[in-house]
Amino acid sequence: MASRRAVQLSLRKPTHAVCVVGVETLVDVYSDVPKGAKTFGVSGSSEVKIYMVYDPSRVAEPAGRAHWPLDANVDVVVVADTVSKDLHDLKVKVSYFESQEAAALAHSVLYLTAVDVSLDVDTGRTGKVKKGSGDKKTWRWGSGGSGAILLVNCDRDTYGSREDLHASHLRSLEDLQDMSPMVLSCGGPDELFEIHKLVLKASLSDSRRLKVFCARGGTSLSNYKQVLGPRHSSYDVERYPGERDIQFFVEGLTFPDASFSGLLSLSVSLVDTRPLSEVSVFTDSVTFRVAPWIMTPNTQPPLELYVCSVIDIHGRNDKFLEDMSHLAMKANCKLVVCPRVENRNDRWIQDEMEFGYTDAPHKSFPVVFDSPRNRGLKDFALKKILGPDFGYVTREIEFAGASGLDSFGNLDVSPPVRVGNTEYPLGRILIGGSFPKSSGRRMARVVRDFLQAQQVQAPVELYSDWLSVGHVDEFLSFVPTSDQKGFRLLLASPSACLQLFQEKKEEGFGEAQQFDGLRFKAKRSINDILADKHLRRDSEHVQECIDWNREVLKRELGLTESDIVDIPQLFYLKGAYAEAFFPDMVNMVVLGKYLGIPKPFGPIINGRCCLEEKVRSLLEPLGLRCVFIDDFLFYHQLLGEIHCGTNVRRKPFTFRWWNSVP
């Protein structure tokens, strides 16, 4: 309920005032009282409801038409329930008395003009504006919450070089679907609006983060005028004679960030233009929250698989593309091949971008987050993915170039988890950085701040600086499962690999060779690997690093040991940093139940690769299908694997983010 406006009465002449339908007006019956008066009574037009507000401990409600004492601090509140047809057509009369039986000493008369002024948005989150829907100024999280939602209009519905939000005018009627509706009610006598005006406002900071378009109907773009935005924080509304409702559309210009909580407010004021200094009679306000950018985990069904066509000293990666095509076909997923002319021979498409989406009750669409990495693929997301109902967002690092940890192989998200009593229904974002309190490499603050500001996928920073490339996808992955848990966390494990090789040695297969089948790689027997003190020392160091992350992941994601699967993998140190000894199997692409796993070229025992067989025995009982793919020449030797060289757009969550409680 809006704060009450007080109207002072006079015994000498009638008072004229404007009131808003449904809004309480306080009538000051004490400012001009006839001498000798001890009580008062109030009457009014049938369209006006009159309420007495008093302290029951000081005064009892009079029976019948009895009078109220003037010395008991009784407030008179009036509310009009219909819009006036003419100026001053509603009446409230206050009569003053010396005693209960005596005639009135004097009267004060108030003539009211009732107007319908209300700014309404979709506070109920149904996709439609509903008038009179309670507190419009407060935004509340949760399934029982309320508050309107604004999309960042970051797609491109018509031809152009940038997102629609950069346009200075409406470029297509389809663009209105990306905006949130807002309705201004303005019913009342036309004569009143000749001496009053409606002013739509945003604060200066909010006006830089939204645009408002006024709609006058019709199918012409000229019928939709931008009235608020970065250079316009106030708009004197054009109201036509007889008009009762004016339609507006609101778009967001930026996602939440370190300096922006995501909340934006708009207000409309009814302003009396007759005084030398204009007077605001009534103000109504609404608050929006800008919808966040949301990542999708491996457990969400795949829609599109992206991979790059490249050429190098080994030739073209056509066989890898063919393998990806077969995998996508199995998973009923569309394959998108980025040609060399677009990727400029940059194969690391996972590092360049991350697919997510944004969601409001009236509209949802995918949004690609373009990393600040800016290598050969730097223009791909903006030029080839941005389009109708496909948004784009990026964060650039000012005054410095991006580090390896700013690539999005270093960005992942867990499936939905519960940690103690806290639910994360959209999962938690995972990024890699340095060991706590050390001076190592970290993801750029501008990217970390952006991810944190989205609120709904509270990020967890892991320790990945022990790796040469430094990405979390080198030691972890999530896979969907068909059991009640719904997923498993896969962790690379040197200990599991050494244990497997020890078992095979004890079974009499010590001479079986790693890299068997690779003519351009020196083979290493199981006996040789187990006897290599340097490799064992390196593996122990790497295992300690992964185990530290293991405990963080268990704590921050609410996991138990039964939720984790150890995937055998060896690493060796090159200087102070670790690299995969053979193709890194956790660095896989997950397409539903089909896993595209780097072929490890492990020791062949009884005609089968013992590493592949071990991974199958761990994952296939969970309902998964392991497809091992050779990525050695085109990816592994360049310090990347299948996950690094692919990217997947997935179905968004069915859970609506506003029903969460961050």
Side-chain angles (χ1 to χ4, degrees), residues 409 463-477 489-507 509-518 520-550 564-588 595 597-605 608-619 626 628-633 635-644:
Y463 172 37
S464 65
D465 190 33
W466 53 275
L467 288 151
S468 288
V469 176
H471 295 177
V472 294
D473 67 354
E474 297 178 78
F475 65 88
L476 68 81
S477 184
L489 166 63
L490 309 186
L491 289 178
S493 176
S495 295
C497 189
L498 292 174
Q499 180 181 341
L500 174 66
F501 283 178
Q502 183 65 37
E503 291 172 358
K504 296 307 175 185
K505 176 183 178 178
E506 293 173 0
E507 292 171 8
F509 300 107
E511 293 303 315
Q513 294 179 321
Q514 180 70 42
F515 306 121
D516 195 2
L518 288 174
F520 37 75
K521 179 70 176 176
K523 299 172 178 55
R524 299 281 301 274
S525 71
I526 289 177
N527 289 335
D528 183 33
I529 290 172
L530 291 174
D532 189 332
K533 294 180 180 179
H534 295 293
L535 185 58
R536 184 175 289 274
R537 179 200 61 201
D538 293 351
S539 295
E540 289 173 354
H541 167 74
V542 167
Q543 189 65 59
E544 288 178 356
C545 296
I546 294 175
D547 285 345
W548 187 91
N549 286 296
R550 185 190 201 95
I564 302 173
V565 178
D566 290 308
I567 301 298
Q569 185 65 48
L570 290 182
F571 295 84
Y572 66 96
L573 293 183
K574 192 171 184 179
Y577 299 103
E579 297 177 6
F581 179 64
F582 54 79
D584 188 350
M585 291 186 287
V586 297
N587 196 292
M588 64 178 69
L595 311 180
I597 305 174
K599 185 176 180 62
F601 293 97
I604 303 298
I605 297 174
R608 295 179 178 273
C609 169
C610 66
L611 288 170
E612 291 186 19
E613 288 302 292
K614 180 62 176 179
V615 171
R616 290 186 195 277
S617 71
L618 293 169
L619 300 182
C626 299
F628 291 91
I629 295 171
D630 181 2
D631 74 341
F632 198 94
L633 287 179
Y635 298 90
H636 172 71
Q637 289 200 143
L638 300 177
L639 303 185
E641 308 287 358
I642 291 177
H643 187 260
C644 308

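Not measured: the values here are computed from a predicted model.
Shortest non-hydrogen contact noted between L500 and C610 is CD2-O, 3.9 Å.
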Starting from the C-alpha separation in whole Å, work towards a yes-or-no answer on side-chain contact (heavy atoms from CB on, under 4.5 Å) for L570 and I529. CA-CA 10 Å; L570 290 182; I529 290 172; 3.8 Å; yes
Output, in order, the C-alpha distance, side-chain angles, deciding distance and verdict of side-chain contact (heavy atoms from CB on, under 4.5 Å) for S493 and Q543. CA-CA 7 Å; S493 176; Q543 189 65 59; 3.4 Å; yes
Worked check of side-chain contact (heavy atoms from CB on, under 4.5 Å) between Q569 and F581: CA-CA 8 Å; Q569 185 65 48; F581 179 64; 5.5 Å; no
Evaluate the criterion side-chain contact (heavy atoms from CB on, under 4.5 Å) for residue pair D584 and F475; output intermediate values, then yes/no. CA-CA 8 Å; D584 188 350; F475 65 88; 6.0 Å; no
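Between the N587 side chain and the D473 main chain, a donor and an acceptor come within less than 3.5 Å of each other.
For the side-chain contact (heavy atoms from CB on, under 4.5 Å) with Q514, the qualifying choice from I604, I526, L611 is L611, the only one to do so.
Here NE2 of H636 is found 8.0 Å from CG of D631. Values are rounded to the nearest 0.5 Å. Taking OG of S525 as the start and CZ of F509 as the end, the distance is 14.5 Å to the nearest 0.5 Å.
Of the charged side-chain nitrogens involved, at least one lies within less than 4.0 Å of a carboxylate oxygen, so that E613 and R616 count as a salt-bridged pair.
Figure legend: K599 and F601 shown as a cation-pi pair, the cationic atom lying under 6.0 angstrom from the six-membered ring centre and within 45 degrees of its axis.
Looking only at side-chain heavy atoms (C-beta outward), V615 and L595 stay at 4.5 Å or farther from each other. A heavy-atom distance below 4.5 Å is not found between the side chains of F582 and P598.
The 12-atom threshold is exceeded at CZ of R537, counting heavy atoms of other residues, nucleotides or ligands nearer than 6.0 Å.
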